Amino acid sequence: MAVAAKTIAPPDRVPVRRALLSVSDKTGLVELATALAQMDVALVSTGGTRRALADAGLAVADISEVTGFPEIMDGRVKTLHPKVHGGLLAVRNDPDHQAAMTEHGIEGFDLVVVNLYPFEEVVASGGDEATTIENIDIGGPAMVRASAKNHGHVAIVTDPDDYDMVLGHLSDGKGTTDLATRRRLAVKAFKRTASYDAAVSRWMETAFDAEPFDALDALGGRRVATMRYGENPHQAAALYLTGETRPGAATARVLQGKPLSYNNINDTDAAFELVSEFGAETPAVAIIKHANPCGVARAGTLIDAYRAAFDCDRTSAFGGIVAFNRELDAETARAVLEIFTEVVIAPAISDGAREAFAGKPNLRLLQTGGLADPRAPGFVVRPVAGGYLKQGRDAAVVDDMALRVVTKRAPDAREMDDLKFAFQVAKHVKSNAIVYARDGATVGIGAGQMSRVDSSRIAARKAIDAAEALGLAEPKTKGSVVASDAFFPFADGLLAAVEAGATAVIQPGGSMRDDQVIEAADAHGIAMVFTGTRHFRH
């Protein structure tokens, strides 16, 4: 049952006479407290925060002087006391609250400055279970939430980046805060505690092997960038990090270039996830446009892999995203610079490559420090009206699948190698997806069509266009293999691949008409392999 509320309007202006400061991140703390003291604000603090202020020569009361009770249990219990929370939650213009404050000797706090134990940082650094649990803040979130609830009378500051704003506001307001500012700070405070609790629940879910699709779910993140716009200029956008350390566009170090746009990050993440599929043993390159690959290849050298990927669809590669699976060298960097490229991402960038790219200062250059593990668990979230869908990351890898030859002819060793490669790429192509490959490189890609046969025909058409651009006598789909991300519902998709010149097919299988598709493959001497696993991608 909801709690009944008194209708007592909060004041607009609240004089700041007393402040409670308790912070883990002490950035700007002394400067803030010094300025408050100069405004005749009485300071109360806790533990290490109080020591830092006292060491700076500031007059500051210890929280135990307020509560009449010492900090105990290694500091776990110090602020959870009625004289603290009464001072945070009291409605100052409510006579009943005023009477309770007088009766119990409670003095109000007008400004509260709290930031929380560095739980997220401890998790990111690989802290052990005991250390991680010890860095779950209890008193801090309780004070933040209490102050934010009572924003009609208390200003709550949770971010050192807001200190200058708050001091300027106090100066302009002659030592007072206004309701609009307190409301803005309260919104930010509740977002902070929500994000913090989400980080804790995510860690516990993994550490304790809990059910990830329980009745309740928690999402949280910290904004690290604001974009000029989202997918389109009329859409606002920002980048938030959840604390997951998976290498990719969001966590990479930006070495040069203009700020990354929403589309840059989306496409670059897709490119790096794809190229990470191949590990670091053999050089591999993926070129992405609008989150779909327009060319992917493996080769003996990085530059050969880049050339092969580029040759798959030179037109679409213009203005694309290029991802590498190993350190990018100067020779390959110079090849990339032969056309306009938006973003380059790699685990490492050599000094020579950085020097080559320096001549194109607008090109975004990202270094991840490692590859993303294609087998690692994780989650994908997609908003829908009224909520969101959550699913596990597609961590299926073709090398782990029980491949089954279903035709009279089995693929030879070269075909099987290309089939696996093509299926790895198809995993990262929007459905319906068809990928033709030959000699470790894509030679035709059909993506995002409502009909699988249309995807097959588009991929073949792109191969014809590429052959014309390269001056070849015939498209590279002649003698290629083909991968489909899901089963062929009819034989027509397979027959389109046969017409394009494919000699072998890899697909999940599972159609009601598998027998007809297999019969059509046998009739044309095509080898076909079932994976038993599909890779739908929206």
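In this text, all values refer to a predicted model and were calculated from it rather than measured experimentally. Counting begins at 1 with the first residue of the sequence.
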**Student:** For Arg393 versus Glu244, what's the shortest heavy-atom pair and its separation?
**Tutor:** NH2-OE2, 2.9 Å
**Student:** Phe324 vs Val275, test: side-chain contact (heavy atoms from CB on, under 4.5 Å). Steps then yes/no.
**Tutor:** CA-CA 6 Å; Phe324 299 90; Val275 85; 5.6 Å; no
**Student:** With no hydrogens and no angle check, is any side-chain donor or acceptor of Ser484 less than 3.5 Å from a backbone partner on Ala486?
**Tutor:** yes
**Student:** Supply the atom-to-atom distance Thr442 OG1 to Lys476 NZ, rounded to the nearest 0.5 angstrom.
**Tutor:** 9.5 Å
**Student:** Between Asp25 and Thr27, is there a side-chain donor-acceptor contact under 3.5 Å, judged purely by atom types and distance?
**Tutor:** yes
**Student:** Search all heavy atoms of Arg364 against all heavy atoms of Leu260 and return the closest pair with its distance.
**Tutor:** CG-CD2, 3.7 Å
**Student:** Tell me if the CZ atom of Arg145 is crowded by more than 12 foreign heavy atoms within 6.0 Å.
**Tutor:** no
**Student:** Any salt bridge linking Asp417 with Arg298? Criterion: basic side-chain nitrogen under 4.0 Å from a carboxylate oxygen.
**Tutor:** yes
**Student:** I'd like to check Lys258 versus Asn264 (side-chain heavy atoms, cut-off strictly below 4.5 Å). Are they in contact?
**Tutor:** no
**Student:** Salt bridge check: are Asp492 and Arg452 linked by an N-O gap of less than 4.0 Å?
**Tutor:** no
**Student:** If we ignore hydrogens and angles and just use 3.5 Å, is the side chain of Thr132 paired with the main-chain N or O of Gly127 as donor and acceptor?
**Tutor:** yes
**Student:** Would you say Ser480 and Asp418 make side-chain contact, with heavy atoms under 4.5 Å?
**Tutor:** no
**Student:** Taking all atoms of both residues into account, what is the closest heavy-atom pair of Gly352 and Ala330, and its distance?
**Tutor:** C-CB, 3.6 Å
**Student:** Is there side-chain contact between Asn292 and Ile445, with heavy atoms separated by less than 4.5 Å?
**Tutor:** no
**Student:** Using side-chain contact (heavy atoms from CB on, under 4.5 Å), reason through Phe357 and Leu255 one step at a time and then give a plain yes or no.
**Tutor:** CA-CA 10 Å; Phe357 285 125; Leu255 302 182; over 6 Å; no
**Student:** Using 4.0 Å as the upper bound for N to carboxylate O, is an ion pair formed by Lys462 and Asp313?
**Tutor:** yes
**Student:** Testing the basics here: between Gln449 and Asn432, what is the closest heavy-atom pair and its distance to 0.1 Å?
**Tutor:** O-ND2, 3.1 Å
**Student:** Donor-acceptor check, side chain of Asn115 to backbone of Asp159, threshold 3.5 angstrom: yes or no?
**Tutor:** no
**Student:** Just how far is it from atom NE2 of His428 to atom OG of Ser276, taken to the nearest 0.5 Å?
**Tutor:** 8.5 Å
**Student:** Flag yes if more than 12 heavy atoms outside Lys26 fall under 6.0 Å of its NZ atom; otherwise flag no.
**Tutor:** yes
**Student:** Hey, could you give me the NE2/OG distance between His290 and Ser316, rounded to the nearest 0.5 Å?
**Tutor:** 8.5 Å
**Student:** Using a 6.0 Å cut-off, check whether atom CD of Glu281 has over 12 heavy atoms from anything other than its own residue.
**Tutor:** no
**Student:** Side chains of Lys420 and Asp399: does their closest heavy-atom pair fall under 4.5 Å?
**Tutor:** yes
**Student:** Does any N or O in the side chain of Asp311 come within less than 3.5 Å of the main-chain N or O of Ala308, such that one atom is a donor and the other an acceptor?
**Tutor:** no
**Student:** Tell me, yes or no, whether the heavy-atom count around Lys390 atom NZ, taken from other residues, nucleotides or ligands under 6.0 Å, exceeds 12.
**Tutor:** yes
**Student:** Should the pair Lys427-Glu273 be classified as a salt bridge under the 4.0 Å nitrogen-to-oxygen rule?
**Tutor:** no
**Student:** Would you call Cys312 and Val296 a side-chain contact if the rule is heavy atoms closer than 4.5 Å?
**Tutor:** no
**Student:** Determine the interplanar angle of the Phe278 and Phe421 rings, folded into 0 to 90°, and report it as parallel if under 30°, tilted if 30 to 60°, perpendicular if over 60°.
**Tutor:** parallel
**Student:** Quick one: closest heavy-atom pair of Ala305 and Ala299, and the distance?
**Tutor:** N-CB, 3.4 Å
**Student:** Could you walk me through whether Met528 and Val517 satisfy the side-chain contact (heavy atoms from CB on, under 4.5 Å) test, starting with their C-alpha distance in whole Å, then the side-chain angles of each, then the deciding distance to 0.1 Å, before giving a yes or no?
**Tutor:** CA-CA 10 Å; Met528 186 154 61; Val517 176; 3.8 Å; yes
**Student:** Is a side-chain donor or acceptor of Asn232 paired with a backbone partner of His234 at a separation under 3.5 angstrom?
**Tutor:** no
**Student:** Please lay out, stage by stage, how Asp162 and Lys188 fare under the test side-chain contact (heavy atoms from CB on, under 4.5 Å).
**Tutor:** CA-CA 11 Å; Asp162 289 333; Lys188 186 168 185 177; 2.9 Å; yes
**Student:** Kindly determine whether Phe530 and Phe487 satisfy ring pair (Phe, Tyr, Trp, His ring centres under 6.0 Å), including the steps that lead there.
**Tutor:** CA-CA 9 Å; Phe530 280 6; Phe487 61 67; 9.6 Å; no
**Student:** Working to the nearest 0.5 angstrom, can you tell me the gap between Met227 CE and Leu239 CG?
**Tutor:** 5.0 Å
**Student:** State the CD-CD distance between Gln367 and Gln256, to the nearest 0.5 angstrom.
**Tutor:** 12.0 Å
**Student:** Is the shortest heavy-atom distance from the side chain of Pro411 to the side chain of Leu419 under 4.5 Å?
**Tutor:** yes
**Student:** Does atom CD (Glu121) have a neighbourhood of more than 12 heavy atoms from anything else shown, all under 6.0 Å?
**Tutor:** yes
**Student:** Any sub-3.5 Å donor-acceptor pair from Thr477's side-chain atoms to Ala463's backbone N or O?
**Tutor:** no
**Student:** If the test is side-chain contact (heavy atoms from CB on, under 4.5 Å), which one of Val429, Asp454, Val482 qualifies with Ile434?
**Tutor:** Val482
**Student:** Check this for me: Glu474, atom CD, are more than 12 non-hydrogen atoms of other residues, nucleotides or ligands nearer than 6.0 Å?
**Tutor:** yes
**Student:** Would you call Arg537-Asp394 a salt bridge at under 4.0 Å N-O?
**Tutor:** no
**Student:** Counting N and O atoms only, with roles assigned by atom type, does the side chain of Asn362 sit under 3.5 Å from a partner on the main chain of Gly257, one being a donor and the other an acceptor?
**Tutor:** no
**Student:** Before accepting this row, confirm whether a basic side-chain N of the pair Arg461/Asp465 lies closer than 4.0 Å to the acidic partner's carboxylate O.
**Tutor:** yes
**Student:** Kindly indicate whether the side chain of Leu366, heavy atoms from C-beta on, has any atom under 4.5 Å from the side chain of Phe272.
**Tutor:** no
**Student:** Any side-chain donor-acceptor pair under 3.5 Å between Tyr436 and Ser456?
**Tutor:** yes
**Student:** Does any part of the side chain of Phe190, heavy atoms only, come nearer than 4.5 Å to the side chain of Arg192, both counted from C-beta?
**Tutor:** no
**Student:** Could you tell me whether the side chain of Arg409 and the main chain of Ile526 form a donor-acceptor pair under 3.5 Å?
**Tutor:** no
**Student:** Could you go through the side chain to side chain donor-acceptor pair (under 3.5 Å) check for Thr242 and Arg202 one step at a time?
**Tutor:** CA-CA 9 Å; Thr242 63; Arg202 277 197 308 271; 4.7 Å; no
**Student:** Just by distance, do the side chain of Arg246 and the backbone of Asp373 share a donor-acceptor pair under 3.5 Å?
**Tutor:** yes
**Student:** Parallel under 30°, tilted from 30 to 60°, perpendicular over 60°: which one fits the rings of Phe208 and Trp203?
**Tutor:** perpendicular
**Student:** For the pair Glu338 and Arg307, find out whether any cationic side-chain nitrogen is under 4.0 Å from an anionic carboxylate oxygen.
**Tutor:** yes
**Student:** Roughly how far apart are Ile303 CD1 and Leu328 CG, rounded to 0.5 Å?
**Tutor:** 10.0 Å
**Student:** I need the minimum non-hydrogen distance between Val336 and Tyr306, along with the two atoms involved.
**Tutor:** CA-OH, 3.6 Å
**Student:** Quick test of your reading of the model: are Asp400 and Arg375 salt-bridged, counting only N-O distances below 4.0 Å?
**Tutor:** yes
**Student:** Determine yes or no for a side-chain-to-main-chain donor-acceptor pair under 3.5 angstrom, with Asp137 supplying the side chain and Tyr117 the backbone.
**Tutor:** yes
